[in-house]
Amino acid sequence: MSDNVIVQFVGFQSKPLGREYTFTVREREVEPREFTLTIANEAFDSRRVRYQDAPDICSHRLHRELAASENHPVKSHFRLSDEELDEYRTAHLSKPLKYPYAPRPDRNR
């Protein structure tokens, strides 16, 4: 994907089978293009995906599609697979926080 490409999240719509996330891709001297990425409702219902993570997940997929096709994918609608959702979740697992003021072990004992 070249540096002169701007990917902008536009919004989402809830549909009977999933949520559709819309992005606009802008490039110099090329008309803006619109892409839609869908995540199945079941993924949200089963808590495999959080609502607040969905735009980021879709953005990652769109950037991969743009990179793989020199910024001009043949398709404009993509459906995210269960494997992609699992990969994202695994890559973004939160690490347990360490308590910065944890008591130190007593060395005099």
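FYI, the numbering just counts along the sequence from 1. Everything numeric in this text was worked out from a predicted model, so none of it was measured.
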Backbone N/O of Ser81 and side chain of Asp86: donor-acceptor pair under 3.5 Å: no

For the [atom1] atom of [X] and the [atom2] atom of [Y], what is their distance to the nearest 0.5 Å?
X	Y	atom1	atom2	value
Arg26	Arg33	CZ	CZ	11.0 Å
Arg48	Ile39	CZ	CD1	10.0 Å
Ile6	Glu27	CD1	CD	10.0 Å
Arg19	Thr38	CZ	OG1	12.0 Å

Single-linkage hydrophobic cluster Tyr88~Tyr51, side-chain heavy atoms < 4.5 angstrom: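 Result: yes, single cluster for both.
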
Hphob cluster co-occupancy, Val7 + Val10, side-chain heavy atoms under 4.5 angstrom: no

Plane angle bin for Phe23 and Phe9 - parallel if under 30°, tilted between 30 and 60°, otherwise perpendicular: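 Tilted: the ring planes of Phe9 and Phe23 meet at 30° to 60°.
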
Geometric class of the Tyr21/Phe44 ring pair [parallel <30°, tilted 30-60°, perpendicular >60°]: tilted

Neighbour count >12 (heavy atoms, 6.0 Å) for atom CD, Glu42: yes

Sequence neighbours excluded - salt bridge (Lys or Arg N to Asp or Glu O under 4.0 Å) pairs with any residue from residues 52-68: Arg50-Asp53, Arg61-Glu65, Arg61-Glu84, Arg64-Glu84

Could you tell me whether the side chain of [Y] reaches within less than 4.5 Å of the side chain of [X], counting heavy atoms only?
X	Y	value
Phe12	Cys58	no
Asn71	Val30	no
Ser76	Thr36	no

Which pair of non-hydrogen atoms, one from [X] and one from [Y], has the smallest distance, and what is that distance?
X	Y	answer
Asn41	Pro16	ND2-O, 3.1 Å
Gln52	Pro55	O-CD, 3.8 Å
Ile57	Leu80	CG2-CD2, 3.2 Å

Counterpart residues, side-chain contact (heavy atoms from CB on, under 4.5 Å), relative to Glu34 (two or more places apart):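 Checked Glu34 against side-chain contact (heavy atoms from CB on, under 4.5 Å); matches are Thr22.
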
